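What follows is a short report on a single structure.
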Amino acid sequence: MTDTEGFTADLAHQLGHNDSDRYDIARSRTVAALADEADVTYALTDSPVGPLVLARTRAGLVRVSFGLDDPGEVLSDLARRLSPRVIEASRGLDEVRRQLDEYFNGQRRQFDVDLDWSLTSGFTRKVLEATNRIPFGSVSTYRDVATQAGNPAATRAAGNALGSNPIAIVVPCHRVLRTGGGLGGYGGGLPVKESLLRLEGVLR
Amino acid sequence: MSLPPFQLLLDEHGPGVFRFLVGRVGPEAEDCFQETVLAALRSYERGRVRPDNLRAWLFTIAANKANDHHRGQSRRPVPVEDTPDSAAPAPDHEPELWDRVRRLPPGQSAAVLLRFGSDLSYAEIGRVLGCGEMAARRRAADGVANLRKETT
């Protein structure tokens, strides 16, 4: 190694180094201002049915996703479909988290949060809005929600609509079962659907 | 091609940008960093930002904010008693290399930091500093030469 190479290697070594505590503090100081400016904020949280990604816009809760995949995929989807101005900030989601905790602890039967339905449209939105009216501890069928959404014959489309529910748990697609009996499907996996129905006293 | 979520950009390039700002403005790095990321987020939409080199885009904003801070400092009147006897005081543990890099002419300081501190290519540095690749190489080389002069 020549003198210059040694010198620049040394430069890179020294200048390439962060004081990580100082950076962490600098980062946390920016969160509030960034959250105010963002179009979408999100938080990662844990639950008895596994890790969740929660996201909101100014209008309300827009996404509850099971963290089955990389959260990056969920966030990229939000960036593509809503806005790339996505920031991690738990502050605006503390209320949702609190209500989810209460729900899982058996202290809450109804969620009281503003919802942003932007990720849904048309028949899917009608199906999910109908689903949102199914009370805690009750169930409905694909046929029933299809009917409520205005097309009794569209049971398969209703199934697809439920599968695409962007706001899991809060919009209770887990309360919709197969018309002839049988659990049906669930985006978060059938074990989770069963857990939720057991929690609500529908299943033993 | 859509833009990635801003948070992921921040996670990936934030440390490098902050490190660059420490090198350029020392104790004002925290303020500068906040201004940089906020300005970046405000202009972060398709059509205004190209997704092909977001790192260079972010560093360009940072470099401009750093220059603004330096200009602001020279214009701001400082009471004689408060005038520091050298450049802005460095944290106790900061090696004096950082101090010497900070005191290089701004173009050389920026080029040295971007090249050796944050590993940007000369083409990227040329974009960030608005001077072109060849001038970026020259500034980095001159910066290194000046730093070596002081060591001997």
Side-chain angles (χ1 to χ4, degrees), chain A residues 2-44 53 55 57 62-63 65 70-90, chain B residues 1-11 14-23 27 29-46 48-49 51 54 91 93-98 100-101 112-119 140-141 143-145 147-148 151-152:
Chain A
T2 66
D3 261 353
T4 314
E5 281 168 5
F7 186 77
T8 56
D10 197 54
L11 256 192
H13 182 76
Q14 291 202 56
L15 299 180
H17 179 74
N18 262 57
D19 176 342
S20 56
D21 289 339
R22 187 176 174 190
Y23 176 66
D24 286 343
I25 293 170
R27 269 275 297 117
S28 64
R29 274 171 53 173
T30 65
V31 172
L34 289 175
D36 281 344
E37 201 59 45
D39 293 330
V40 182
T41 57
Y42 71 91
L44 307 178
V53 181
T57 63
V62 74
R63 191 86 172 90
S65 171
D70 183 15
E73 264 190 55
V74 176
L75 301 177
S76 296
D77 184 60
L78 291 170
R80 205 170 36 243
R81 294 167 69 188
L82 293 177
S83 162
R85 289 141 60 115
V86 177
I87 289 291
E88 180 170 14
S90 62
Chain B
M1 189 178 144
S2 62
L3 294 172
F6 188 85
Q7 184 66 51
L8 300 189
L9 196 66
L10 186 57
D11 289 347
V17 168
F18 183 69
R19 186 161 70 232
F20 166 74
L21 290 172
V22 170
E30 281 78 359
D31 286 347
C32 236
F33 183 72
Q34 171 138 343
E35 288 167 26
T36 296
V37 299
L38 213 47
L41 180 61
R42 283 188 181 128
S43 51
Y44 194 62
E45 43 182 321
R46 235 165 89 181
R48 288 179 70 181
V49 181
L54 293 169
H93 59 276
E94 189 185 83
E96 47 95 38
L97 171 66
W98 284 85
R100 289 192 291 124
V101 169
V112 165
L113 288 165
L114 291 170
R115 179 67 181 167
F116 301 106
S118 297
D119 210 31
V144 169
L147 289 170
R148 292 194 74 188
T151 12
T152 47

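Keep in mind that the numbers below use all heavy atoms, side chains included, and drop hydrogens, waters and symmetry copies. We name chains A, B, ... by the order of the sequence lines, and we start the count at 1 in each one. Just so you know, these numbers come straight off a predicted model, no measurement behind them.
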Nearest-0.5 Å distance, [atom1] of residue [X] to [atom2] of residue [Y]:
X        : Y         : atom1 : atom2 : answer
Arg22(A) : Phe33(B)  : CZ    : CZ    : 11.5 Å
Thr8(A)  : Arg115(B) : OG1   : CZ    : 9.0 Å
Ser83(A) : Phe6(B)   : OG    : CZ    : 11.0 Å

Sort [X] into side chain, backbone, both or neither according to what part of it lies under 4.5 angstrom from a heavy atom of chain A.
X       : result
Leu9(B) : neither
Leu8(B) : side chain
Pro4(B) : backbone

Beyond-backbone contact of Leu147(B) with Phe7(A), side-chain heavy atoms, under 4.5 angstrom: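 Sidechains of Phe7(A) and Leu147(B): in contact.
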
State, with a plain yes or no, whether a side-chain heavy atom of Leu97(B) is found less than 4.5 Å away from one of Asp10(A).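 When only atoms from C-beta onward are counted, Asp10(A) and Leu97(B) do not touch, as no gap falls below 4.5 Å.
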
Winner by heavy-atom pair count (cut-off under 4.5 Å) against chain A, out of Leu41(B), Val144(B), Asp11(B):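 Of the options given, most contacts go to Leu41(B).
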
Which residue pairs pass the salt bridge (charged side-chain N to carboxylate O under 4.0 Å, His left out) test when at least one of the two sits in residues 23-34 of chain A, sequence neighbours left out?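 Sorted pair list: Arg29(A)-Asp31(B).
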
Side-chain donor/acceptor of Gln7(B) to backbone N/O of Glu88(A), under 3.5 Å: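 Here the side-chain-to-backbone pair exists.
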
What residues form a salt bridge (charged side-chain N to carboxylate O under 4.0 Å, His left out) with Asp36(A), not counting sequence neighbours?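 For Asp36(A) the salt bridge (charged side-chain N to carboxylate O under 4.0 Å, His left out) partners, ignoring immediate neighbours, are Arg91(A).
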
Go through the atoms of His13(A) and report whether side chain, backbone, both or neither lie under 4.5 Å from a heavy atom of chain B.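 Contact with chain B is absent: no heavy atom of His13(A) under 4.5 Å.
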
